[in-house]
Amino acid sequence: MQSELRRPTVSFSRVVGWMSVCFLIVPVLVVVPVSFTPKRYLSWPGSEWSLRHYEVLVGEGGWLSSIGDSLIVATAAAVLALAMGTLFAVGHWRLNNGVTRNLRLFLLLPMIVPPIVHAVAFYQAWAVLKLLDTYPGLILVHSMKALPFVVLSVSASLINLDPRLEQASRSLGATSRETLWLIILPQVRPGIIAGAIFAFVTSWDEIIVAIFITSREVYTLPKRIWDGIFDNIDPAIAALGTVMILLTAIGLVVKDRYEKARNIKIGAS
Amino acid sequence: MKESLAFDSVRKAYGGFFALDDVSIDIKAGEFMTLLGPSGSGKTTMLMSIAGFVEPTSGSIRLDGKEITHLPPEKRNFGVVFQGYALFPHLTVRENVFYPLRVRGVPKAEADAKIRSMLEIVQLDHLAERYPKQLSGGQQQRVALARAMVFSPELLLLDEPLSALDRALRKDLQRELKDLHERLGTTFIYVTHDQEEALSMSDRIAILRDGRIEQLGRPEELYEKPASIFAANFLGKSNFLPARQVGCDDRFVTYAVGDHRFRLDRDGVRSLDGDISIVLRPERLTLHSSEEAAPDNRMAGRIKGVSYFGQLYEAIVETEVAGDLLVSAGLDGPAPRAGETVWVGWKTNVGVALPGRPEGADEAYD
Amino acid sequence: MTDVFAPSARGGSLFGASASFRKNTAYWVMVLVPAVFLATLYLTPVISVMVRSFVEPTVGLDNYATIVDSAAIRSVLGKTAYICFMTTALTLALGYVTAYAMTHAGQREKYVMFFLVILSFWISVLIRTFAWIAVLQPQGILNDILIGLGLIERPLRLVRNDIGVIVGMVHYMLPFAILPLFANMQTIDRTLVPAARALGASARWAFFTVFLPLSLPGLAGAGILVLIFSSGFYITPAILGGGKVVMVAEYISLQMSETLKWGLATSLATCLTVVVLALTVAMSRFMEVGSAGKRV
């Protein structure tokens, strides 16, 4: 309370801090008005607003099919990454020895190695395995790139898990399998949900590997945006961006509400 | 229903370190047994090996003659109340208490009845739908107890169950636990480092030190007749007189502290050679204003400081012979005052002679 | 006492270890399945990149000799280093002050700032880069505004040059600096600076002698993190650089898709990987590797 009272209303850090935050947000929000331009090229809408670029999104231009492709790939990659990552995180949490600690670092590699190196690697390898421009090919890459995020978020919620809960469950007569399903997994549900979202978004946003290992059969949304930027700076991208920003904001608010509700009920975990 | 638990030469080694070192003990059916010791003494390891979470390196644990040393915890049917309670945060009070019945496949109606009666016993029936986080510490403690008792376990193991609570609440819950024990007749094995708690609740107490049982007995026994300096020091406050045994006749043993001599009843003490310590409890010492008023065993001194505790005074008396002595004085007599010259006295039936000297005694007494 | 609860405490001797293995078979399977999955489908392709760099077109170190000798590659590496340095310096400066402001803001203000940082963090990098084109291009919004205000007469060149690339990259990296710095500053005891003030230090002196030293590990960690991401960055340089600002990642892709010099592409990729792994090891001294790339 006291620090609130004494806090100066204008300070250097506060001004620069807000400038940085505005720098992060305001230029991005420019896509919102731009998306309503009636013109065929990227421009400020002026007095006339139009929904023509939104119509393009749902029209025959292929945007919908790319959204479909991205949904397929991201969902499958997220499911695969989630299964692998949760298995690993729980196993490591329980064993927690030198071997599993090193394996954990190994599993984090796809997060550290630069994407362009992945592009080179999978372009080569998938050519051999005949996985270029296939759904399984892209799904596999995306699931591996997403795996570290699942491991990290599930591990993070396991760290907060009181090891006595497991002992309590066993002492009350539950086997280790029952304990895993009834006590451990429900406890780490927030980590699993977060991991699933990370994994999905990692795939949903991934562009660099997709550029190299897919062409016509699999045409994801980021790839269509990429091509749209290079071809003609398509204003439909602004319309798409507006929708995506809106969805992101809604997602964050929902996440916040969920966490608050959970905290009130059963405490942070 | 009543089982008795036996430890037979149980050892637990972590590398070269023995958390339990050749522990043997028999716990009787229906007994309230307390494992008391400082941290690192092995009391929690002992409890966890009963629960089945720690597998002994050697030796055996038997329940009513039946070997359970290597039985997994979920097969033992013991209730455990963990330190910090270990309530499942994502389950309500009712669901927590239901949990052991659920994994045992108890039919719904029967389970409901058991849960209801258990929650009534711990007076939490009105909070059944709450989550643990929405309860106070004392209420959480009761849920943990209900959860550990609802499946009628053969033993109830309690690991410092009251350590997280404040003093007043702890007193209340001590009484409730004791009542519960008497009502249910289940064997309680109780781990604590709080000596008062141990003294007031237990049928028997095992004092642990460095993985071994230092002394085992009823609370009065342990307090009045400590078997070692460690036990005397750990349970209650003590004065240790650095003494030698200098004589012995039919009725008395005579001791010397420096040149000063005093006697204790022969049938109350062991005969010992070498350096020994005489343990005198502060409440067994009395303060007298003159030498004539004091009993035969007495020592002159000056009061250095006085603390008032409500029900008694504690005075530190500086003596030439034995250094500082702690003396408790009731409120009936005149209040001791710092600076007064006094005589400290004790009867011949109140001291205990033990071999050795307390650690650090050399600096204190030289 | 605590060792009683640690699952890893059991087993010390060989016998103990194998006994614990048998007891924990299920957990070992859980750990090994993902590890084997990644070893086959991830590690093999990445290692074969490294192998190829030594065998194509001829066996030996020719590709690495080319990297050292070629003036063109040297200039790409120089440009990469320059952009990385500028990006990291600017990101750290802005990120530090912003994290400081957030740390010392009131509840509500902190929440709003945090929300906006996280929001920008989650918005697709392609959309963000696209937005920067709309803002910075010659007929873009910034130039329109500046001309409209009469501050300039002809549009400024803000894309297809270093400025555009650096602005876009700082924009992408900033949340990666703010979030770990903020997390680090949260752990600094809030009473230390007032304590220094009470002992007679001025506000500035208290900051430089107390707060700054305590936040240095976070600053170092965040700096290396930004450097790691910048060095292999592709999207923003490719779009906002418009072919005029070629960094190493884009150069690798050109070798692969345009000139088909696989030996050069793989050897540069190998170098990049080695540099990034070395930076990661350095970073692990200041912050946990796991906490780094995490989107909050």
Side-chain angles (χ1 to χ4, degrees), chain A residues 4 13-14 16-17 20-21 23-25 27-28 30-31 34 42 44 84-85 87-88 90-92 94-97 100 103 106-108 110-117 119-125 140 144 147 152 163-164 198 205 207-208 222 225-226 229 233 237 241 244-245 248-249 252, chain C residues 5 7-8 24 27 30-31 33-35 37-38 41-42 44-46 48-49 94 97-98 100-102 106 113 115-120 122-128 130-135 141 144 171 174 232 234-235 239 249 252-253 256 265-266 269 272-273 276 280 289-290 293-295:
Chain A
E4 300 254 339
S13 67
R14 206 165 170 216
V16 176
S20 298
V21 171
F23 167 72
L24 282 175
I25 289 297
V28 180
V30 159
V31 300
V34 163
L42 199 58
W44 199 259
M84 294 279 177
L87 276 182
F88 182 85
V90 173
H92 166 60
R94 194 61 180 70
L95 297 170
N96 194 21
N97 56 35
T100 66
L103 282 179
F106 168 56
L107 257 72
L108 298 186
M111 189 178 80
I112 299 158
V113 172
I116 187 69
V117 177
V120 179
F122 291 113
Y123 187 53
Q124 277 193 162
L140 278 175
M144 291 187 279
L147 187 56
L152 287 176
R164 288 192 189 89
F198 278 127
D205 276 354
I207 172 66
I208 300 170
I225 298 174
W226 178 266
I229 291 175
I233 317 188
I237 300 170
M244 281 168 68
I245 292 169
T248 310
L252 283 175
Chain C
F5 297 104
S8 58
N24 292 317
Y27 295 111
M30 292 168 82
V31 168
V33 166
F37 169 72
L38 213 61
L41 288 169
Y42 182 83
T44 317
V46 171
S48 55
V49 166
L94 286 178
V97 179
T98 309
Y100 184 89
M102 281 167 68
M113 291 175 96
F115 183 87
L116 293 175
V117 172
I118 297 280
L119 178 64
S120 88
W122 279 99
I123 294 171
S124 156
V125 59
L126 282 173
I127 300 294
R128 287 157 69 179
F130 174 84
W132 277 112
I133 296 180
V135 173
I141 286 146
D144 279 0
H171 188 253
L174 200 46
Y234 182 90
I235 301 167
I239 296 176
I252 292 173
S253 95
M256 237 177 11
T266 52
L272 186 58
T273 308
V276 163
T280 308
V289 175
K294 198 175 158 188
R295 294 174 155 201

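Chain naming here is simple, since letters A, B, ... match the order of the sequence lines and numbering starts at 1 in each.
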Below 4.5 Å, heavy-atom pairs only: which of [options] has the largest tally toward chain A?
options	value
C/T266, C/T273, C/I141	C/I141
C/V33, C/L119, C/T44, C/V276	C/L119
C/D144, C/V46, C/I252, C/L174	C/L174

Quick one: what part of A/V120 sits under 4.5 Å from any heavy atom of chain C, side chain, backbone, both or neither?
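For A/V120, backbone and side chain are both near chain C.
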
Please flag which part of A/I237 lies under 4.5 Å from any non-hydrogen atom of chain C: side chain, backbone, both or neither.
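Contact with chain C is through both the backbone and side chain of A/I237.
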
So do [Y] and [X] actually touch side chain to side chain, heavy atoms under 4.5 Å?
X	Y	result
C/T98	A/F23	no
A/I207	C/Y234	no
C/Y42	A/F122	yes

Mind checking whether C/W122 and A/F198 have ring centres under 6.0 Å apart?
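Centroid separation for C/W122 and A/F198: below 6.0 Å.
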
Crowded around C/F37 CZ? As in, over 12 foreign heavy atoms under 6.0 Å?
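More than 12 within 6.0 Å, yes.
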
Can you tell me which portion of C/I235 sits under 4.5 Å from chain A's heavy atoms? Options are side chain, backbone, both or neither.
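For C/I235, heavy atoms of backbone and side chain both lie under 4.5 Å from chain A.
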
Taking only residues two or more places apart in sequence or in another chain, which ones pass side-chain contact (heavy atoms from CB on, under 4.5 Å) with C/A35?
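Applying side-chain contact (heavy atoms from CB on, under 4.5 Å) to C/A35 gives A/L103, A/L107.
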
Partner set under side-chain contact (heavy atoms from CB on, under 4.5 Å) for A/V16, not counting sequence neighbours
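With sequence neighbours excluded, A/V16 shows a side-chain contact (heavy atoms from CB on, under 4.5 Å) to A/F12, A/S20, C/L94, C/V97, given in chain and number order.
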
What heavy-atom pair brings C/V135 and A/P27 nearest, and what distance separates the two atoms?
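For C/V135 and A/P27, the tightest heavy-atom pair comes out as CG2-O, 4.0 Å.
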
